[in-house]
Every structure is written in C-alpha cells, then in structure tokens.
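Predicted, not measured: the structure shown is a model, and the values here were computed from it. Chain naming here is simple, since letters A, B, ... match the order of the sequence lines and numbering starts at 1 in each.
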Protein chains: 2
Amino acid sequence: MNDKELDPTKKSHSREALLEAAERLFAEKGYEAVSTRELAEAAGVNLGAIQYHFGSKAKLFVETVHRMMRGSGCARAQFALTTTPTSAEDAATRLCKFVYSFLGYMLRPQGPQPCRLMIREIFTETTRDEEMYEALVSTVADEYSKPLEDTLIANLRLLADNKSQRELQHLARCILGQCTLYATHRPFIERIMNEDISKSPALEELAEHICRFTLRGLRLPETFIDNVIANASEKV
Amino acid sequence: MNDKELDPTKKSHSREALLEAAERLFAEKGYEAVSTRELAEAAGVNLGAIQYHFGSKAKLFVETVHRMMRGSGCARAQFALTTTPTSAEDAATRLCKFVYSFLGYMLRPQGPQPCRLMIREIFTETTRDEEMYEALVSTVADEYSKPLEDTLIANLRLLADNKSQRELQHLARCILGQCTLYATHRPFIERIMNEDISKSPALEELAEHICRFTLRGLRLPETFIDNVIANASEKV
DNA sequence: GTCTATAAGCAGATAGAC
DNA sequence: GTCTATCTGCTTATAGAC
C-alpha cells in the first residue's frame, strides 16, 4: 500500500485486485470454501500471484481481514453511532437505530459482511494454525468488537449511569446477542415462523421487540420507550 | 438400531461404531475438518464401510445429526426444564437455572455438543447440497430449536400472561440470544475482558447478569428477581 | 459385510522461463 | 512482477477379491 504511493505507475495491480476479490469471496463463502484458483480468477490475476504477494492463502486471509476491519470503520460508522449522544433520549434513540440497522445488516446481505465473516471463521476455528488464529482474533477484537462495544457503552451510560463499566459491557452484549441470534439461527427460526425474517414487516417487528425488551431491561418508563421507538423507526 | 435388536449376533457393528465416532468427531471439529479416513479409524472400521452403510460422508453426517437430536432429548432434558412450572416464581427460577446450565454447556465442552455443532454447520452452510441442507435444517428445527423454544415459552407464559404467542417467541429468543453470543463471540470477549469466561466466578456472573436483565425486561419487581436468582444459583 | 487397492479430482505451493 | 507447468499431498468414492 505504501509502495503504491511511492510508485504509482508500475506498482502491483494484482496485489490490490487480489485483496478486493478476497474480501468479497471470503465474506460470501468462507475461508475453506474459496480456493486459490477461484481467488486468482476472480481477481483477474495469475495463480502464482497469491504466493508471490502474500506467501500463502492463509496470510492473504489475515491481510484481508485487517483491511476489512480498518477500511470500513465497520463498527461505529456503519451503524450510525459515530457522534456522542447528548441526552438519555438521544442515547436510547441511537441504540434503537443501531438495532434496526445492525439487524438489517446481518439479515440482508449486500456487499461484503465483515461481521458475518468473522463470527463464522472464529467460531468454526477455520485455521488450526495457532499464530494465525491469534492474529485473527486480535485484529477483530481490537478493530471491531471493542470499538463497537465501547460505542454501545457510551450510549448505555446515559441510560444507566449508576452502573459499573463491567455491567455496561454486559448490557452491550445483551443487545448484540439478541441481534446476532437472528443471524446464527436464522434457518431454524424461519422454519419455525414459516416466514422470511429479512422481509419488511418481519424485520422491523423483530427490531422493535428487541429495542423494547432492552429498554425495559434498563428499567426505563414505558412512555419514554414508546417515544424513543417511534423516533428511531421513522428516522431509519 | 432395530436391526440390532432383531439379530444381535451378526449384525453390523461397524454402522453403530461409525455413528458413535461421527457424533464425537463432527461435534468436535466440524464437518469439513473430519475426513472419512479419520472417521473410519476412530470407529475401528474399514474405510469402505462409510460408503457401504451410508452411501457418502454427507449422508452419514445427516444421520449423525438425526441421532444426536433424537437420542439425547437434547433441548429440554439437558437444561432441567422437563416438567411444567407451577407458579410465576417457579417459572422464573427455572428460566434462571436454564441460563446457568445452557451457558455452562456452551462454554465448558464435555462430550459432544449438539447445539454448537448445528449452529456451526448451519451458519457456515457447510454443505452446498440443497437437499441435505434442507434435511439438516428441518431435523434441527423440529427436534431441537422448536422444543427448546416451546419449553421456554411455557415458562415465560407464567411471567407475562398477557402476551401473544408471537411475543413469547421473541422473548424466548432474547434469552437464547444473550446466552449464544458468549459462545459465538467467545474469543473476542475473552480478549477484551482478559479472562477465561468459562471459569467459575466469571461464568456465574455472566449468567446472573443475563437472568437479571431478562427478568427486568419482563417488568418483574426487583425483590422478586433477587429472590429468584438466589434460589436458582443455590440449587444449580 | 468387510477388506485392499486404487481411481479421479482438487487443494495449496513451487520452479523456472520471460 | 507475471506467467505456465508441475509437484505433492490430500480428499471422497469405487471396484472387486474374500
């Protein structure tokens, strides 16, 4: 990358093309399911380029995850939690908006989905290689999970200011867990409900329920909750 | 199996041995990561036996999942929710106990873990084969997810009897989601907290927090919650 | 039903020409 | 830096003897 800035004319187009193709393919199909040949073809480069630029498929993968995590500022930016909240009502509205957009992101694939990618690869322990696993976990934790959790906490703090940092962490995870379940268990849930949960009335219903349940878990008054949910859903 | 009862002398020992080895290995490492050779060796049978008895590795896998789901009565029995609750307090205590044991089950591997197995395979869409995927999803949904959800709902109904069936489903999933997150995101969470969350004070702290948050989400009074949590944790 | 030997294919990695 | 051709090792599945 820095090489590119130094010499923009004849620098490795294939490295960049590979990273872009890898981002898309790995996120779509998972590490194991993508072969180096497929990767090279999709990038329009030679098979040998993978070894030349990255040394191995695994190292290309680690590099891709790095890029994804840094590149998109995935966590906060994507879910409209960038600026700091000003009031309790503001914080609650932001949290609700987050739930709406996070749920939509998990259930309506459009473009690469870093979150899905990582959950999958880490949970399945895709790479038995210790060193690489460590690299993956730390990248994702530092560049994605931690910032996302911190942003949620910043909003939660205004709604439960007597809580310790540790309790706020728990609360953040309660929200994330409720959303994530619909991604990890989606096929089962859709079979039970006999309904596509990414379609429009269903998705909003799920989001609203999660918001309401969460705000009740924070012991907020019902009128406040109604108000916040109305605000959040109209502005999404 | 019924064959075995009919003719105990010369009936296929290898079929059974394969299913047992498959249950353990697939749950441990995942479908892709287990080779047919490994399977045959672990079962102490010949490689050809897999093709002979099941036709393919994939069909053996489907058979294994069937067996797991039916066999252990996984959902309810495992988490002490078998009998029907008698009172609101009883129901709440059961829910808390469920959270404790479900969390322990997800985070402290001992023996095959059907739940983990399915989440992983379904989420990663391990098999591209349409027919097989359908078989997996329906088995798991019918034999595991649905019964588990129904049992949770039976308890939730006593705590929120003015709710519709659909709302009760949502509530059940709020509980499951909070627990499941700690399994799917475990490496990230442990890195952030710098702590093994399956160890003893940590696990109980997580469980207690989930219980408290959930019961608050149901708008139950704080004294009731304290009482229930005290009951549940001492009896676990 | 169980075995051995082997087929057929695809994976990731490499050597060496240009 | 990019290419082709190839190596090595693994996978699942099969054919046919016993």
Side-chain angles (χ1 to χ4, degrees), chain A residues 1-22 25-26 28-64 121 124 126-129 131-133, chain B residues 1-22 25-26 28-64 121 124 126-129 131-133:
Chain A
M1 243 201 292
N2 42 359
D3 295 341
K4 194 161 190 179
E5 266 103 71
L6 294 176
D7 185 353
T9 57
K10 61 180 298 195
K11 220 28 210 174
S12 92
H13 147 268
S14 46
R15 189 188 154 88
E16 201 58 21
L18 271 171
L19 282 169
E20 270 165 40
L25 286 172
F26 282 141
E28 239 170 58
K29 314 168 105 191
Y31 178 78
E32 293 281 357
V34 181
S35 74
T36 50
R37 284 178 170 76
E38 189 177 359
L39 230 30
E41 193 177 347
V45 305
N46 190 270
L47 177 61
I50 294 173
Q51 315 304 323
Y52 179 78
H53 288 292
F54 302 96
S56 71
K57 179 192 178 188
K59 283 181 190 158
L60 164 58
F61 180 66
V62 172
E63 194 66 26
T64 304
E121 303 302 346
T124 62
T126 227
T127 136
R128 302 270 178 266
D129 183 83
E131 193 185 341
M132 180 158 333
Y133 187 78
Chain B
M1 244 205 292
N2 42 358
D3 293 342
K4 194 160 187 179
E5 267 103 68
L6 295 175
D7 184 352
T9 57
K10 61 179 301 195
K11 216 34 208 168
S12 93
H13 148 268
S14 46
R15 190 186 153 88
E16 201 59 20
L18 271 171
L19 282 168
E20 268 166 41
L25 286 172
F26 282 141
E28 240 172 57
K29 315 169 105 191
Y31 178 78
E32 292 282 357
V34 181
S35 74
T36 51
R37 283 181 169 75
E38 192 177 358
L39 232 28
E41 194 177 347
V45 305
N46 190 272
L47 177 60
I50 294 172
Q51 315 303 323
Y52 179 79
H53 288 293
F54 303 97
S56 70
K57 179 191 177 188
K59 285 180 189 157
L60 165 58
F61 180 66
V62 173
E63 195 65 28
T64 304
E121 303 303 345
T124 62
T126 225
T127 135
R128 301 271 178 265
D129 183 83
E131 192 185 342
M132 179 159 332
Y133 187 77

side-chain N/O Thr36(A) vs dG12(C) OP1/OP2, d < 4.0 Å:
yes
Heavy atoms from C-beta onward define the side chain here; which of dA13(D), dT2(C), dT2(D) lies closest to that of His53(A)?
dT2(D)
Between Asn46(A) and dG1(D), is there a contact of a side-chain N or O with OP1 or OP2 at under 4.0 Å?
no
Rounded to whole Å, CG of Asp129(A) lies from C1' of dA13(C) at a distance of 16 Å
Starting from C1' on dC10(C), measure out to CD on Glu38(A) and report it in whole angstrom.
12 Å
Could you check how far CD1 of Ile50(B) sits from P of dA15(D), rounded to whole Å?
17 Å
The nucleotide from dA13(C), dA13(D), dG1(C) with an atom nearest the side chain of Gln51(B) is dA13(D)
From dG1(D), dA13(C), dT2(C), nucleotide with atom closest to Tyr52(A) side chain:
dG1(D)
What do you reckon, is CD of Glu41(B) surrounded by more than 12 foreign heavy atoms closer than 6.0 Å?
no
Rounded distance (Å) that lies between atom P of dA13(D) and atom CZ of Phe54(B)
13 Å
Tell me the interatomic distance from Glu41(B), atom CD, to dT2(C), atom P, rounded to whole angstroms.
18 Å
More than 12 non-hydrogen atoms from neighbouring residues, nucleotides or ligands closer than 6.0 Å to NZ on Lys59(A), yes or no?
no
Rounded to whole Å, how long is the line connecting atom CZ of Arg15(B) with atom P of dT2(C)?
12 Å
So Leu47(B), base contact, sugar-phosphate only, or nothing? Heavy-atom distance under 4.0 Å.
base
Atom CG of Leu18(B) and atom C1' of dT2(C) are separated, to the nearest Å, by 12 Å
Taking the side chain from Glu121(B) and the backbone from Tyr31(B), do they hold a donor-acceptor pair closer than 3.5 Å?
yes
Shortest non-hydrogen contact from Glu63(A) to Arg15(A)?
OE2-NH2, 3.6 Å
Which heavy atom of Leu39(A) sits nearest a heavy atom of Leu60(A), and at what distance?
CD2-CD2, 3.7 Å
Map Gly48(A) and Ser56(B) onto DNA chain D by nearest heavy atom, then report which one ends up closer to the 5' terminus.
Gly48(A)
Whole-Å distance separating the CD atom of Glu16(A) from the P atom of dG1(D):
14 Å
